[in-house]
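What follows is a short report on a single structure.
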Amino acid sequence: MKVKRTEIDRVSISLPKTLLEKFDQLIEKKGYENRSEALRDLIRDLFVEEEWNEDVEVAATVTLVYEHNTTGILDKLTNIEHENLNNIVSTMHIHIDKENCLEVIALRGKASVVKSIGEKIISIKGVKYGKIVKATTGKNVD
Ligand code: NI
């Protein structure tokens with residue numbers, strides 16, 4: 001197996017004392033082992049946000065909660081999935097209880113296209129909860 005090694009540079013940054021104290025408390029609460037790992041994640045997040053702004057190839061998930069008995073909801077969802085089969089790559093369906101379903105839909109493609117499909121899915125009548133998680137293909141995030 002080929003192991004990818006990333007060259008590391010060290011930087012020092014200046015921060016207001018109180019901001020650094022709050023940052024340390026927050027990252028400890030979140031479980032980070034050190035400041036570097038927390039900062040790397042924040043920086044990567046900025047790059048992912050920029051990928052979406054630049055409308056390049058991205059990945060995303062749409063999480064939905066709905067009642068499967070709601071009239072027409074399954075047909076509408078299936079229609080959207082078939083209309084966008086090049087962008088919708090996978091769907092996971094979990095039956096939460098007798099009425100409620102949890103669905104996670106994975107998408108990839110141009111950011112604007114993925115966003116528009118996600119919004120179309122979330123706005124289907126009867127969706128109780130819907131959220132798009134803007135992710136990345138990972139190519140430009142080391
Ligand atoms: Ni179900």
Side-chain angles (χ1 to χ4, degrees), residues 1-11 13 15-142:
M1 197 176 88
K2 197 181 161 194
V3 179
K4 189 184 165 195
R5 296 203 191 280
T6 308
E7 218 182 303
I8 302 286
D9 260 343
R10 285 180 188 279
V11 292
I13 55 169
L15 290 174
K17 200 173 170 18
T18 50
L19 186 64
L20 185 59
E21 281 167 6
K22 282 187 193 167
F23 183 67
D24 283 342
Q25 285 167 11
L26 183 64
I27 65 174
E28 196 193 334
K29 201 169 101 184
K30 286 182 177 286
Y32 281 104
E33 283 186 18
N34 54 54
R35 289 173 184 156
S36 293
E37 193 51 39
L39 281 169
R40 281 193 283 270
D41 275 2
L42 284 171
I43 292 168
R44 288 184 190 115
D45 214 36
L46 281 177
F47 280 113
V48 172
E49 200 178 300
E50 197 52 22
E51 284 181 2
W52 283 78
N53 289 337
E54 288 172 357
D55 202 14
V56 296
E57 171 94 5
V58 295
T61 58
V62 174
T63 300
L64 295 177
V65 174
Y66 60 87
E67 289 183 23
H68 67 92
N69 283 333
T70 306
T71 311
I73 198 163
L74 291 173
D75 278 347
K76 282 177 197 154
L77 196 52
T78 307
N79 280 339
I80 294 174
E81 288 176 358
H82 281 267
E83 280 163 12
N84 299 283
L85 48 89
N86 291 325
N87 297 101
I88 297 179
V89 289
S90 182
T91 301
M92 179 170 63
H93 185 104
I94 299 112
H95 312 303
I96 297 180
D97 56 31
K98 259 181 151 11
E99 294 84 29
N100 292 289
C101 305
L102 170 69
E103 200 150 308
V104 182
I105 301 163
L107 301 101
R108 68 179 302 168
K110 218 175 159 217
S112 59
V113 175
V114 167
K115 186 167 176 268
S116 146
I117 297 168
E119 285 168 349
K120 204 184 276 183
I121 292 170
I122 286 169
S123 63
I124 294 173
K125 197 180 162 202
V127 169
K128 290 180 168 181
Y129 173 86
K131 191 145 197 146
I132 302 171
V133 174
K134 294 176 174 179
T136 173
T137 61
K139 283 179 208 151
N140 306 311
V141 186
D142 283 333

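Hydrogens, waters and symmetry mates are skipped; everything else that's a heavy atom, side chains included, is used. Order of listing sets the numbers, starting from 1, for every ligand and every atom in it.
In this view, Glu83 satisfies the side chain to side chain donor-acceptor pair (under 3.5 Å) rule with no residue, not counting sequence neighbours. Qualifying salt bridge (charged side-chain N to carboxylate O under 4.0 Å, His left out) partners for Lys22, counting only residues two or more places apart in sequence or in other chains: none.
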Applying side chain to side chain donor-acceptor pair (under 3.5 Å) to Glu57 and Thr137, what does each step give before you reach the verdict?
CA-CA 7 Å; Glu57 171 94 5; Thr137 61; over 6 Å; no
Pair Lys120-Asn84, side chain to side chain donor-acceptor pair (under 3.5 Å): steps then yes or no
CA-CA 11 Å; Lys120 204 184 276 183; Asn84 299 283; 5.5 Å; no
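His93 contributes NE2 and Cys101 contributes SG; the angle these two atoms make at the Ni ion (ligand 1) is 90°, rounded to 10°.
When the Ni ion (ligand 1) is compared with the N/O/S atoms of His95, atom ND1 turns out nearest.
Among the atoms of His68, no N, O or S atom is found under 2.8 Å from the Ni ion (ligand 1).
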